[in-house]
Amino acid sequence: MSGGGFDLTGRTALVTGAGRSVGEGIARELAAAGARVAVNDLHAERAESVAGAIGDAGGRAVAAPFDVTDAAALADGLARIDRELGPVDILVNNAGVPEGQRTIPFVDSAENDWLRQIELNMLASMRVVHAVLPGQLERGWGRIVQISSGASSRGLAIGVSAYGAAKSGIEGLVRHVATEVGPSGVTVNALALGLMENVGQRASGHLESLIAEVPVRRLGLPAEVGGAAVWLCSSYGAFVTGQVIHLNGGSLNGR
Ligand SMILES: NC(=O)c1ccc[n+]([C@@H]2O[C@H](COP(=O)([O-])OP(=O)(O)OC[C@H]3O[C@@H](n4cnc5c(N)ncnc54)[C@H](O)[C@@H]3O)[C@@H](O)[C@H]2O)c1
């Protein structure tokens, strides 16, 4: 079992959407801290590549490809993780950008745009929490980390209303579930991210103006989110629950 401090030896972690970017950084850092990691992604080849890289670095990981919005696939995936690595002690709900997502002003959006955000950021996250929580309560130890966004708590005129609404909703769940399970040894928190490196790559045309808005004058790195996740999931994180912690380089505009 875990040796205390930041050591996660003996813990099994599931990171959703971990085949690249932020999720990959979280999976790598949890593994470096000693956890056995199930690397989930919609795309099997991404999950396998990250699990392979963790193995090459001396860690323990398996690819766990499935669509977290598909309840049956989720149940199968969790059963497989349980068989291969043990029950999930650490859950990081990171998958939050629906495939092919577009930014669009709310007035021009269709109900289907909202549903995709709500299905992934709220319903899927709730289902995974609901599935792993009973075992964590029974074992008297667990860590749930929800990846959120500054868009949860600020209005932004960049076409992310439904996304922001879904992130706000899941932060509400974090606060309530954390309070319900407070005495149990299970903590539930959210990390609300500002602009990360991969968004900078997407926003090729106006990267400099985006960076100019960030007080530390750079974009966030996946490993920095991974480090925060390690802290929350470690024994040092035990007194932190029900919180939304912003990792955003000091940005005041919520991005
Ligand atoms: N990148 C940013 O600037 C930024 C800012 C704020 C918050 N976030 C949050 O960080 C998290 C990760 O974002 P990212 O930018 O790294 O995303 P990304 O699109 O670069 O990577 C996400 C991964 O999730 C996978 N995925 C998508 N839908 C899935 C599903 N239904 N089931 C399983 N896997 C699925 C994708 O295949 C992809 O590999 C999200 O929750 C996002 O809202 C990111």
Side-chain angles (χ1 to χ4, degrees), residues 16-23 40-43 46 67-71 73-74 92-130 145-177 189-220 222 225 242-255:
T16 68
R20 70 178 189 188
S21 316
V22 172
N40 163 257
D41 205 280
L42 203 50
H43 298 278
R46 290 185 195 167
D67 178 349
V68 287
T69 65
D70 176 337
L74 169 66
V92 183
N93 270 330
N94 166 76
V97 182
E99 188 109 301
Q101 176 207 237
R102 53 185 187 154
T103 53
I104 182 169
F106 184 68
V107 70
D108 300 324
S109 65
E111 199 164 307
N112 198 42
D113 296 314
W114 321 338
L115 286 176
R116 297 188 69 214
Q117 292 295 348
I118 291 165
E119 270 172 9
L120 181 57
N121 278 300
M122 287 205 61
L123 270 179
S125 291
M126 289 170 81
R127 267 195 215 112
V128 196
V129 172
H130 195 254
V145 179
Q146 177 68 44
I147 301 302
S148 188
S149 161
S152 66
S153 41
R154 303 273 167 159
L156 299 167
I158 55 171
V160 296
S161 295
Y163 170 78
K167 291 293 199 191
S168 305
I170 201 65
E171 287 181 9
L173 184 90
V174 162
R175 282 186 285 270
H176 287 285
V177 175
N189 292 287
L191 294 173
L193 312 186
L195 285 170
M196 303 299 298
E197 217 183 24
N198 62 325
V199 163
Q201 285 149 12
R202 283 178 212 149
S204 46
H206 48 286
L207 184 54
E208 290 311 313
S209 64
L210 288 178
I211 291 174
E213 291 177 25
V214 182
V216 303
R217 297 289 188 275
R218 67 170 176 84
L219 304 173
V225 184
Q243 303 303 308
V244 177
I245 298 168
H246 288 257
L247 308 182
N248 60 13
S251 292
L252 298 175
N253 66 1
R255 289 208 233 159

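Since the model is a prediction, treat every value here as computed from it, not as a measurement.
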Could you report the tightest heavy-atom contact between Ala192 and Val244, atom names first, then the distance? CB-CG1, 3.8 Å
Side chains of Leu123 and Thr69, heavy atoms from C-beta outward: is any pair under 4.5 Å? no
For the residue pair Glu99 and Arg116, establish whether any side-chain heavy-atom pair is separated by less than 4.5 Å. yes
Distance check, rounded to the nearest 0.5 Å: Ser21 atom OG versus Glu197 atom CD? 9.0 Å
Is Glu213 close to Ser251 at the side-chain level, that is, under 4.5 Å between some pair of heavy atoms? no
Are side-chain N/O atoms of Asn93 and Gln146 paired as donor and acceptor at under 3.5 Å? yes
Tell me, which pairs form a ring-ring contact (aromatic ring centres under 6.0 Å, His included) where one or both residues lie in residues 97-125, sequence neighbours left out? Phe106-Trp114
With rounding to the nearest 0.5 angstrom, report the CD to CG distance, Gln117 to Asn112. 11.0 Å
Heavy-atom closest pair (Gly19 atom, Asp41 atom, distance to 0.1 Å) is N-OD2, 2.9 Å
Nearest-0.5 Å distance, OG1 of residue Thr103 to CG of residue Leu156: 12.0 Å
Shortest non-hydrogen pair, Gly242 vs Arg175, comes out as O-CG, 3.5 Å
Could you give the distance from CG (Asp113) to CD1 (Ile118), rounded to the nearest 0.5 Å? 11.0 Å
Measure the spacing between OG of Ser149 and CG of Leu191 and express it to the nearest 0.5 Å. 12.0 Å
Of all heavy-atom pairs between Val174 and Gln243, which one has the smallest distance, and what is that distance? CG1-O, 4.2 Å
Inter-residue atom distance Ser125.OG - Lys167.NZ, 0.5 Å rounding: 7.0 Å
Would you call Asn189 and Val145 a side-chain contact if the rule is heavy atoms closer than 4.5 Å? no
Is it the case that more than 12 heavy atoms not belonging to His43 sit under 6.0 Å from its NE2 atom? yes
Which of these passes side chain to side chain contact (heavy atoms under 4.5 Å, CB included) with Met196: Val22, Leu219, Leu247? Val22
Can any side-chain N or O of Ser152 pair as donor or acceptor with the backbone N or O of Ser168 at less than 3.5 Å? no
Quick one: does any side-chain atom of Asn94 pair with a main-chain N or O of Thr16 as donor and acceptor, under 3.5 Å? yes
